[in-house]
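Notes follow once the structure below has been shown.
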Amino acid sequence: TTAEYIRNVANGRKIESDVEVVLKRDGKEITYGTYDAYCKGHLFDLKTGRMERNYVPQMAVYAAALCQRDNIDKIEVHLIYSALNKVDKFTLTREEAEGIAYRIVDSINDPTRSPCTSEYCNWCGRQDNCTALNSAALTVAQKNKMILEYEIDAIKNPETMGMFKDIAAACSVFVDT
């Protein structure tokens with residue numbers, strides 16, 4: 001089980017769980033996150049879905065904050081996919097983790113950056129006012145009548161197929177995979 005795996009890696013060391021950590025730059029708090037479990041040098045994150053994704057950015061924020069808090073140089077990350085009965089392990093140095101995390105924070109705070117949809121929209125705190133999500137919703141709403149009128153399996157015209165591909169892409173940001 002997940003708990004047994006974590007206890008085995010911890011090997012008797014204290015395990016922290018569901019603790020909020022703060023990432024700082026130049027002594028100022030810039031973001032935070034809550035990790036699933038940690039024992040010095042080992043970060044554990046439980047993933048319950050059936051899909052593997054790139055969780056390095058998320059783990060980098062936790063790892064950078066933990067390296068700062070505990071004054072350590074690296075962390076071994078354990079992504080535990082319970083539904084897949086699989087563990088992915090990788091190491092992040094403090095320098096790597098801070099670099100990734102700082103780039104993300106800088107990008108989010110860049111006033112010249114235009115929002116774009118991605119697989120991470122579900123976790124964003126700016127969903128209600130996001131122009132990229134609003135644009136995707138408008139695309140879907142404008143094509144709703146077309147969606148209802150066509151039998152998708154029977155479409156042979158490449159131009160019509162292309163329109164449905166655009167609609168599917170717009171819809172994908174609303175689907176939690």
Side-chain angles (χ1 to χ4, degrees), residues 1-110 113-130 132-133 136 168-169 171-177:
T1 68
T2 300
E4 289 170 347
Y5 175 82
I6 294 171
R7 281 194 298 269
N8 285 338
V9 173
N11 197 24
R13 291 175 290 188
K14 179 184 174 192
I15 301 168
E16 303 171 350
S17 63
D18 295 319
V19 174
E20 184 177 287
V21 287
V22 174
L23 179 63
K24 297 179 179 182
R25 186 191 307 178
D26 302 324
K28 295 180 183 172
E29 183 177 316
I30 60 170
T31 193
Y32 64 93
T34 303
Y35 58 79
D36 292 336
Y38 173 75
C39 71
K40 191 164 187 169
H42 293 272
L43 172 63
F44 305 91
D45 202 67
L46 177 62
K47 302 301 180 189
T48 57
R50 294 197 159 275
M51 181 182 211
E52 296 178 62
R53 294 183 176 172
N54 177 12
Y55 291 105
V56 172
Q58 178 190 7
M59 296 303 105
V61 172
Y62 301 156
L66 286 163
C67 284
Q68 290 175 354
R69 184 191 79 179
D70 293 351
N71 196 29
I72 57 177
D73 294 327
K74 65 182 177 180
I75 288 188
E76 186 167 356
V77 177
H78 305 255
L79 292 175
I80 305 168
Y81 296 93
S82 59
L84 302 173
N85 199 26
K86 177 182 179 186
V87 177
D88 284 342
K89 293 190 290 187
F90 57 92
T91 300
L92 284 170
T93 67
R94 179 176 180 163
E95 185 179 339
E96 290 168 333
E98 286 178 339
I100 293 167
Y102 292 162
R103 280 191 298 279
I104 293 167
V105 170
D106 290 346
S107 175
I108 290 168
N109 294 326
D110 181 353
R113 180 178 169 263
S114 295
C116 60
T117 59
S118 78
E119 64 183 300
Y120 301 107
C121 287
N122 299 3
W123 299 318
C124 182
R126 299 178 181 177
Q127 289 178 18
D128 293 343
N129 300 313
C130 179
L133 278 178
C171 289
S172 69
V173 299
F174 301 105
V175 178
D176 187 17
T177 53

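Counting from 1, the numbers follow the sequence of the chain as shown. FYI, side chains are in, hydrogens and waters are out, and symmetry mates aren't considered; it's all heavy atoms of this structure.
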According to salt bridge (Lys or Arg N to Asp or Glu O under 4.0 Å), who are the partners of [X], at least two apart in sequence or on a separate chain?
{"X": "R7", "result": "none"}
{"X": "D36", "result": "none"}
{"X": "R13", "result": "none"}
{"X": "D70", "result": "none"}

Results of side chain to side chain donor-acceptor pair (under 3.5 Å) for [X] - residues two or more places apart only:
{"X": "R103", "answer": "none"}
{"X": "Y102", "answer": "Q68"}
{"X": "N8", "answer": "none"}

Below 3.5 Å, can you tabulate the donor-acceptor pairs from side chains in residues 85-92 to any protein atom, sequence neighbours excluded?
residue: K86; atom: NZ; partner: E52; partner atom: OE1; Å: 2.8
residue: K86; atom: NZ; partner: E52; partner atom: OE2; Å: 3.1

Flag if over 12 foreign heavy atoms under 6.0 Å of CG, D73: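 No, the 6.0 Å shell around CG holds no more than 12 heavy atoms from other groups.
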Under the ring-ring contact (aromatic ring centres under 6.0 Å, His included) test, residues paired with F44 that sit two or more places apart: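 Per chain and number, F44 pairs via ring-ring contact (aromatic ring centres under 6.0 Å, His included) with H78.
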Sequence-distant partners of Y35, ring-ring contact (aromatic ring centres under 6.0 Å, His included), two or more places apart: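 By the ring-ring contact (aromatic ring centres under 6.0 Å, His included) rule, Y35 matches Y38.
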side-chain contact (heavy atoms from CB on, under 4.5 Å) between V9 and E76, worked out: CA-CA 11 Å; V9 173; E76 186 167 356; over 6 Å; no
Results of side chain to side chain contact (heavy atoms under 4.5 Å, CB included) for T2 - residues two or more places apart only: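 For T2, the residues satisfying side chain to side chain contact (heavy atoms under 4.5 Å, CB included) (neighbours in sequence not counted) are I6, L46, I80, S82.
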Residues forming a side chain to side chain contact (heavy atoms under 4.5 Å, CB included) with N71, sequence neighbours excluded: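 Per chain and number, N71 pairs via side chain to side chain contact (heavy atoms under 4.5 Å, CB included) with R94.
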P57 versus I100, closest heavy-atom pair with distance: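 P57 and I100 have their closest heavy atoms at CA-CG2, 4.0 Å.
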